[in-house]
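Chain letters run A, B, ... following the sequence lines, proteins first and then strands; every chain starts at 1. A quick note: this is a predicted structure, and the numbers were derived from the prediction, not measured. Values reported hereafter were calculated over all heavy atoms of this structure, with side chains retained and with hydrogens, waters and symmetry mates removed.
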Amino acid sequence: MRWSQLFGHTWRDDPADAEVPSHRLLVRAGYIRRVASGIYAWLPLGRRVLARVERIVREEMDAAGASEVLLPIVQPLEPWQRTGREQAYGPLMFRLTDRREARYCLAPTAEEVITSLVAGEATSYRDLPRNLYQIGWKYRDELRPRFGLLRAREFLMKDAYSFDVDAAGLERSYRAMFDAYRRTFERCGLEVRAVEGSSGEIGGEVNHEFMAVAAVGEDDFVWCRSCDHAANVEVARRGGPPPSVAPPAPAAPPMEEVPTPGAASIPEVAALVGVEPSALAKVLAFEVDGELGLAVLPGDRELNEVALARAVAPARVRLLGDEDFAARPDLPRGFLGPHHPAASLVVVDRWVTPGSVWVTGANTVDHHVRNAVAGRDFPVDRAADLAVVRAGDPCPVCGGELGVDRGIEVGQVFQLGTKYSEALGATYTDAEGRSHPMVMGCYGIGISRIVAAVVEQHHDEAGIAWPPALAPFRLQLIALAGEGVREAAERLYDRLRGAGVEVLYDDRDARAGVKFADADLVGLPLQVIVGPRGLAAGLVERKHRRSGGRDEVPIDDLDAILAS
RNA sequence: CGGGGAGUGGCGCAGAGGUAGCGCACCUGCUUUGGGGGCAGGCGGUCGCGGGUUCGAAUCCCGCCUCCCCGACCA
């Protein structure tokens with residue numbers, strides 16, 4: 001394609017509304033334009049990159065045995081009400097009403113539609129297993145769209161759904177998708193980690209998230225430096241406490257009150273009592289089923305609220321706030337102890353092991369206690385991984401050291417089980433004539449998000465540096481000014497096109513500096529420069545975008561020009 | 001939804017009561033020609049929207065809308 005025919009041009013300045021590199025560069029280089037908050041138009045360059053990702057995903061899905069379908073974007077709301085997800089999604093769904101007052105939504109995902117579809121189509125065990133996927137636009141009215149394509153309200157997603165006769169079949173389908181995902185991201189040039197995920201709204205138990213490592217990621221995940229364990233920080237666990245942390249001391253002296261006037265914070269108490277913050281037991285009050293609950297964790301740790309919610313599920317947790325403490329003088333904030341008489345449930349972090357000894361609140365203003373022994377002086381109703389995992393914590397699998405990184409979630413795989421098939425009547429008849437719900441899995445890849453994630457991982461100050469598989473064109477042909485140069489470039493352009501090479505040919509009447517700067521910004525892997533210097537010797541210069549390396553090859557030698 | 005910031009030519013910005021300006025981009029011409037040149041000329045703006053104050057509003061006041069950042073939220 002000739003640059004002079006390309007729609008959309010490059011900007012010299014960063015757009016004022018873009019913060020992260022992928023957003024800035026994709027706009028500056030003319031790949032996308034914002035239409036509304038979280039909604040983007042794809043210009044020709046961007047459309048081509050999107051198509052590249054789609055193609056890779058399609059090839060890997062097909063190779064994994066999935067069949068492509070195309071489901072509607074406008075979906076009736078009724079099945080969403082049957083699965084209870086209309087409520088669960090709430091305002092995240094774009095809703096619309098037709099002229100007869102029938103209610104619809106714009107697809108945020110497609111479990112309901114696909115399950116209803118399969119329910120009417122597959123009724124025998126002979127029809128299973130099946131894995132259906134589509135690539136289509138999805139809509140979520142995010143509270144806060146941000147970072148350009150990374151959290152958009154309209155985004156392109158590949159969603160796949162597997163239907164099996166039993167758990168073993170699901171396990172096979174899941175494994176096949178998991179492996180296909182690894183290959184897909186690798187082909188896209190993304191460095192990803194597969195981490196144990198949190199399930200969120202969708203339900204189901206086993207699931208993994210594929211995280212593209214990036215500073216601008218919205219998710220923290222932990223990973224082990226010694227084994228392949230990795231997990232979203234929301235569900236991350238850590239290994240047993242190191243011996244330095246409150247070792248069990250069954251023979252500890254009796255619990256003893258110590259005055260700590262005015263010391264209501266962990267650092268103050270630690271300093272006053274003369275122990276490390278990690279030797280304190282931090283107590284957080286929450287409400288569960290109208291009763292008082294206490295969460296207990298080492299003083300130097302933050303509470304993972306998702307973990308607490310999981311520990312008391314299905315009951316709902318609400319941490320007490322300022323008003324609650326104001327209303328309950330029996331809960332002296334800053335001096336709470338786990339032996340509070342009003343507490344009906346005490347959930348401790350796993351590092352608060354039975355028999356371990358702690359300094360903690362005395363449930364009396366200006367007082368704490370020392371030698372509080374877990375299980376002796378305060379009850380341990382339940383133990384869970386309540387603390388947010390930190391870098392340096394032990395791995396729960398192998399005991400190695402955990403690291404923490406940020407990532408962009410580019411894919412997720414779920415074992416759903418029968419939640420949707422039961423709610424929507426997707427059943428099959430087995431060989432004995434009995435009816436069973438199908439066992440489902442679902443698998444998503446954020447196609448448009450991959451585009452942004454790849455730019456986050458592959459850019460520099462000058463612009464984007466696409467992995468070859470995703471570049472909108474294979475190379476950029478740059479014609480400089482000079483005697484006979486334009487004619488030579490035109491001939492080379494024709495020959496390259498004749499050889500089936502996708503070329504972006506900068507045929508503009510612009511200065512060399514402008515063309516070089518734009519080429520670096522647009523980010524094709526290879527720049528082929530036809531200029532007066534080389535042409536005199538029958539040579540063109542090549543610049544490799546990622547390495548910055550340059551070489552010269554004969555202008556007549558297509559193989560040399562295209563060599564990597 | 002809470003906190004913060006911003007809406008002025010296509011893009012980036014200045015202007016803070018006296019009738020709109022700069023850089024880039026775009027158009028014309030000359031010049032220049034291997035890393036975003038130079039000179040000259042030119043096109044282009046309901047100053048987010050609505051109301052108010054004033055002789056006069058981009059500027060002050062009120063209301064609304066939109067966008068961005070932090071948080072909450074989030075297959």
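Pair check for B:C1 finds B:G71; Watson-Crick or G-U wobble, both atom distances under 3.5 Å. Across all strands shown, B:U46 has no partner, as no Watson-Crick or G-U wobble contact with both distances under 3.5 Å is found. Across every strand in view, B:C39 sits in a pair with B:G29 that passes the Watson-Crick or G-U test at under 3.5 angstrom. Across every strand in view, B:G23 sits in a pair with B:C11 that passes the Watson-Crick or G-U test at under 3.5 angstrom. Look at B:C55: its Watson-Crick or wobble partner, with both distances under 3.5 angstrom, is B:G18.
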Do A:Glu60 and A:Thr184 pass the side-chain hydrogen bond (donor to acceptor under 3.5 Å, both in side chains) test, and can you show the C-alpha distance, the side-chain angles, and the key distance before you say yes or no? CA-CA 6 Å; A:Glu60 292 298 336; A:Thr184 301; 4.9 Å; no

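A residue-by-residue look at A:Leu535 and A:Glu234 shows that A:Leu535 has its nearest nucleotide of RNA chain B further toward the 5' end. Across the interface with RNA chain B, nearest-nucleotide mapping of A:Asp219 and A:Val20 shows A:Val20 to be the residue nearer the 5′ end.
Salt-bridge annotation for A:Arg316 and A:Glu287: absent, with no side-chain N of the basic residue lying under 4.0 Å from a carboxylate O of the acidic one.
For A:Arg85 and B:C74, the CZ to P distance is 14 Å, given to the nearest whole Å. Put simply, CZ on A:Arg33 is 17 Å from C1' on B:C67, counting in whole angstrom units. The CZ-P distance, from A:Arg486 to B:G34, rounds to 15 Å in whole Å. Put simply, CD on A:Glu19 is 16 Å from P on B:G5, counting in whole angstrom units. Between the CG atom of A:Leu143 and the P atom of B:C74 there is a distance of 9 Å, given to the nearest Å. Rounded to an integer number of Å, the gap from A:Glu541 CD to B:G35 P is 11 Å. Taking atom CG of A:Asp13 as the reference point, atom C1' of B:A25 lies 10 Å away to the nearest angstrom. Atom CZ in A:Arg508 sits roughly 15 Å away from atom C1' in B:U33 (whole-Å rounding).
Comparing the P positions of B:C64 and B:G44 gives an interatomic distance of 37 Å, to the nearest angstrom. Taking the C1' atoms as reference points, B:C68 lies 43 Å from B:U31, given to the whole Å. The P atoms of B:G38 and B:C49 are separated by 35 Å, rounded to the nearest whole Å. Distance noted for atom C1' between B:U46 and B:A58: 12 Å (whole Å). A gap of 15 Å separates the C1' atoms of B:U32 and B:A40, to the nearest Å. The gap from the P atom of B:A16 to that of B:A20 amounts to 15 Å, rounded to the nearest Å. Separating the C1' atom of B:G35 from that of B:C27 is a span of 26 Å, rounded to the nearest Å. Taking the C1' atom of each, B:A57 and B:U53 are spaced 10 Å apart, rounded to whole Å.
For A:Arg34 against B:C67, a side-chain-to-base donor-acceptor contact under 3.5 Å is absent. Evaluation of atom-type donor-acceptor distances gives no pair under 3.5 Å for the side chain of A:Asp14 against the base of B:G12. For A:Arg550 against B:G35, a side-chain N or O and a base N or O form a donor-acceptor pair under 3.5 Å. For a distance-only test at 3.5 Å, the side chain of A:Arg28 qualifies as a donor-acceptor partner of the base of B:G36.
Checking B:G34, B:G36, B:C69 against the side-chain heavy atoms of A:Leu521 singles out B:G36 as nearest. Comparing atom distances between the A:Ala517 side chain and each of B:G34, B:G12, B:G36 picks out B:G36 as nearest. Side chain of A:Asp518, nearest nucleotide from B:C70, B:G36, B:G12: B:G36. Minimum atom distance to the side chain of A:Phe147 is reached by B:C69, of the listed B:G34, B:C69, B:U33. The side chain of A:Trp11 approaches B:C11 more closely than any other nucleotide in the set B:C69, B:C73, B:C11. Nearest nucleotide to the A:Ile529 side chain, out of B:C69, B:G34, B:G12: B:G34. If you check B:C24, B:C69, B:U33 against the side chain of A:Arg12, the one that comes closest is B:C24. Set against B:G34, B:C67, B:A72, the side chain of A:Arg144 has B:A72 as its closest nucleotide.
Within 90° of 0 lies the glycosidic angle of B:A16, which makes this nucleotide syn.
Donor-acceptor pairing under 3.5 Å is recorded for the side chains of A:Glu422 and A:Thr418. When only modelled atom types and interatomic distance are considered, A:His458 and A:Arg546 share a side-chain donor-acceptor pair under 3.5 Å.
At least one side-chain heavy atom of A:Phe178 sits under 4.5 Å from a side-chain heavy atom of A:Phe210.
Considering only side-chain N and O atoms, A:Ser37 lies under 4.0 angstrom from the phosphate OP1 or OP2 of B:C68. One finds a side-chain N or O of A:Arg511 lying less than 4.0 angstrom from the OP1 or OP2 phosphate oxygen of B:G37. Between A:Arg146 and B:C70 there is a side-chain polar atom (N or O) within less than 4.0 angstrom of OP1 or OP2.
Judged purely by atom type and a 3.5 angstrom limit, A:Lys138 has no side-chain atom pairing as donor or acceptor with the backbone of A:Leu106. Between the side chain of A:Ser448 and the backbone N or O of A:Leu156, at least one donor-acceptor pair lies under 3.5 Å.
At least one cation-pi condition fails for A:Arg406 and A:Trp223: the charged atom is not both under 6.0 angstrom from the six-membered ring centre and inside a 45 degree cone around its axis.
Residue contacts shown for A:Glu409 are limited to sugar-phosphate atoms, with no base heavy atom under 4.0 Å away. Residue A:Ala481 is in base contact, counting any heavy-atom pair closer than 4.0 Å across all strands shown.
Annotation for A:Glu302: atom CD does not count as buried by contact number, only 12 or fewer foreign heavy atoms lying within 6.0 Å.
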